[in-house]
Protein chains: 2
Amino acid sequence: MSNRRDAVHAVLRQSEGFRSAQDVYAEMRAEGAKIGLTTVYRALQALADTGRVDTLRTDDGESVYRACASGDHHHHLVCRVCGRTVEVAGPAVERWAETIGSEHGFTDVTHTVEIFGTCASCSAATAEQARTPSRA
Amino acid sequence: MSNRRDAVHAVLRQSEGFRSAQDVYAEMRAEGAKIGLTTVYRALQALADTGRVDTLRTDDGESVYRACASGDHHHHLVCRVCGRTVEVAGPAVERWAETIGSEHGFTDVTHTVEIFGTCASCSAATAEQARTPSRA
DNA sequence: GCCGATTTTGACAACCATTTTCATTTACCG
DNA sequence: CGGTAAATGAAAATGGTTGTCAAAATCGGC
């Protein structure tokens with residue numbers, strides 16, 4: 001019964017950006033789902049293994065997952081505040097990485113490319129905060 | 001006394017590739033150095049904060065550090081077998097990331113780019129292994 | 001030189017995401 | 001229905017990393 005796995009997948013689908021396992025688990029429990037943390041981890045791993053979700057590591061070492069629209073190779077532009085993510089393609093970068101690798105005699109060349117920034121609405125919110133400092 | 005920090009830095013300098021904190025600690029102890037794990041972590045963090053060493057995360061979430069030749073922004077071509085690392089620059093990639101970010105209204109755009117592969121000697125060694133299978 | 005203040009150190013405990021264990025439940029199949 | 005294999009999840013273990021705190025080293029000032 002991959003019912004649980006589908007449920008996990010569904011949560012990711014309805015999310016704007018990358019989510020952590022703990023995060024997904026908390027939401028599912030909050031919604032009343034009967035599922036264990038272990039199962040969430042297993043589901044996410046299975047989904048990642050079969051390429052149905054993308055995964056990356058945050059700066060503090062947490063694994064985060066996202067159901068991406070395209071199954072093709074692509075990269076991400078991630079808002080470091082709200083996590084909203086845009087899928088981007090970069091054929092030039094793919095070629096560049098491949099070239100660099102072979103120039104140095106490396107084989108089986110892969111690469112990781114992620115772009116981080118603050119999205120328009122979040123940087124607006126930050127500016128707002130600066131204008132009305134709450135305290136301290 | 002930043003003696004300890006210098007000692008940690010020295011270990012990284014004489015290393016070919018990225019090393020983990022635990023790894024550095026183990027080597028220093030093996031060489032008879034009197035140092036605590038906590039101090040190694042603090043030294044590595046301090047060095048990373050001041051930009052004197054580069055850091056990245058392995059697939060299994062471990063932080064690894066490297067004393068790089070150049071203090072300028074650059075990326076790495078890392079052998080996934082032996083860890084040997086080549087520093088590479090990619091002005092085109094820098095511009096690409098910046099462009100993608102601003103196209104989508106993102107500010108404070110940063111990026112991570114790492115290239116992984118198997119270096120010439122390691123792929124030779126692997127081929128060798130295949131020719132003379134030890135057992136199993 | 002000597003004493004108190006400040007910083008650095010490191011043994012140990014705490015943290016926390018992730019994994020493993022293992023007993024229970026559930027699905028499948030004749 | 002039995003019986004077997006797979007899935008589940010509560011609880012414990014793991015392991016890298018960080019926090020705590022007292023002892024030790026360093027630095028002034030006298």
Side-chain angles (χ1 to χ4, degrees), chain A residues 1-12 15 17-67 78 80 83 85 112 114 116, chain B residues 1-12 15 17-67 78 80 83 112 114:
Chain A
M1 202 230 277
S2 58
N3 206 358
R4 300 270 171 272
R5 184 159 62 191
D6 289 343
V8 170
H9 199 178
V11 171
L12 288 184
S15 301
F18 283 86
R19 309 281 304 267
S20 74
Q22 308 269 353
D23 197 8
V24 169
Y25 170 70
E27 175 175 326
M28 294 182 76
R29 293 303 287 248
E31 286 175 354
K34 234 173 26 119
I35 191 170
L37 182 56
T38 309
T39 305
V40 172
Y41 273 104
R42 276 194 288 241
L44 289 172
Q45 268 173 341
L47 290 167
D49 285 349
T50 56
R52 288 221 285 283
V53 305
D54 283 357
T55 175
L56 59 85
R57 295 239 176 209
T58 62
D59 277 346
D60 53 320
E62 214 178 6
S63 291
V64 288
Y65 305 84
R66 178 165 196 271
V78 186
R80 67 167 67 85
T85 299
T112 68
E114 306 298 341
F116 298 94
Chain B
M1 198 231 277
S2 59
N3 206 0
R4 300 269 169 273
R5 185 159 62 192
D6 289 343
V8 169
H9 200 180
V11 172
L12 287 184
S15 301
F18 283 87
R19 310 280 306 266
S20 74
Q22 308 268 353
D23 196 8
V24 169
Y25 170 69
E27 174 174 326
M28 294 182 77
R29 292 304 287 248
E31 284 175 355
K34 236 172 25 117
I35 193 170
L37 182 55
T38 309
T39 305
V40 172
Y41 273 104
R42 274 194 289 241
L44 289 173
Q45 268 173 341
L47 290 167
D49 285 349
T50 56
R52 288 222 285 283
V53 306
D54 283 357
T55 175
L56 59 85
R57 296 239 176 208
T58 62
D59 278 344
D60 53 320
E62 216 178 2
S63 291
V64 288
Y65 305 84
R66 179 166 196 271
V78 186
R80 66 167 69 86
T112 67
E114 307 297 340

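In what follows, every chain begins at residue 1, and chains take the letters A, B, ... in the order their sequences are listed. None of the values given here were measured: they were computed from a predicted structure.
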Could you work out which one of dT19(C), dG10(C), dA10(D) sits closest to the side chain of Gln45(A)? dT19(C)
Please check this pair: side chain of [X] against backbone of [Y], looking for a donor-acceptor N/O pair closer than 3.5 Å.
X: Arg4(A); Y: Val40(A); answer: no
X: Thr55(A); Y: Val64(A); answer: yes
X: Ser63(A); Y: Arg57(A); answer: no

If the cut-off is 4.0 Å, is Thr39(B) near the phosphate of dT9(C), judged by side-chain N/O to OP1 or OP2? no
Tell me whether the side-chain N/O atoms of Arg4(A) come closer than 4.0 Å to OP1 or OP2 in dG9(D). yes
On a heavy-atom basis, which atom in Phe116(A) and which in Arg80(A) lie closest, and how many Å separate them? O-NH2, 3.7 Å
Kindly give the heavy-atom pair with the smallest separation between Leu47(B) and Val8(B), and that separation in Å. CD1-CG1, 4.2 Å
Could you state the interatomic distance from [atom1] ([X]) to [atom2] ([Y]), rounded to the nearest 0.5 Å?
X: Leu37(B); Y: Arg29(B); atom1: CG; atom2: CZ; value: 9.5 Å
X: Thr112(B); Y: Leu56(B); atom1: OG1; atom2: CG; value: 9.5 Å
X: Asp23(B); Y: Tyr65(B); atom1: CG; atom2: OH; value: 12.5 Å

Nearest-angstrom distance from the residue atom [atom1] of [X] to [atom2] of [N]:
X: Leu37(A); N: dT8(D); atom1: CG; atom2: P; answer: 14 Å
X: Tyr25(A); N: dA11(D); atom1: OH; atom2: P; answer: 10 Å
X: Leu44(A); N: dT18(C); atom1: CG; atom2: C1'; answer: 12 Å
X: Tyr41(A); N: dA10(D); atom1: OH; atom2: C1'; answer: 15 Å
X: Ile35(B); N: dC12(C); atom1: CD1; atom2: P; answer: 17 Å
X: Asn3(B); N: dG10(C); atom1: CG; atom2: P; answer: 10 Å
X: Gln22(B); N: dG10(C); atom1: CD; atom2: C1'; answer: 15 Å

Does any part of the side chain of Arg42(A), heavy atoms only, come nearer than 4.5 Å to the side chain of Thr39(A), both counted from C-beta? yes
Atom pairs, N/O to N/O, protein against nucleotides 20-25 of chain C, distance under 3.5 Å?
none

Starting at the 5' end of DNA chain D and moving along, which residue's nearest nucleotide shows up first, Ser20(B) or Arg29(A)? Arg29(A)
Which of residues 50-63 of chain B sit near DNA chain C, with a heavy atom under 4.0 Å from it? none
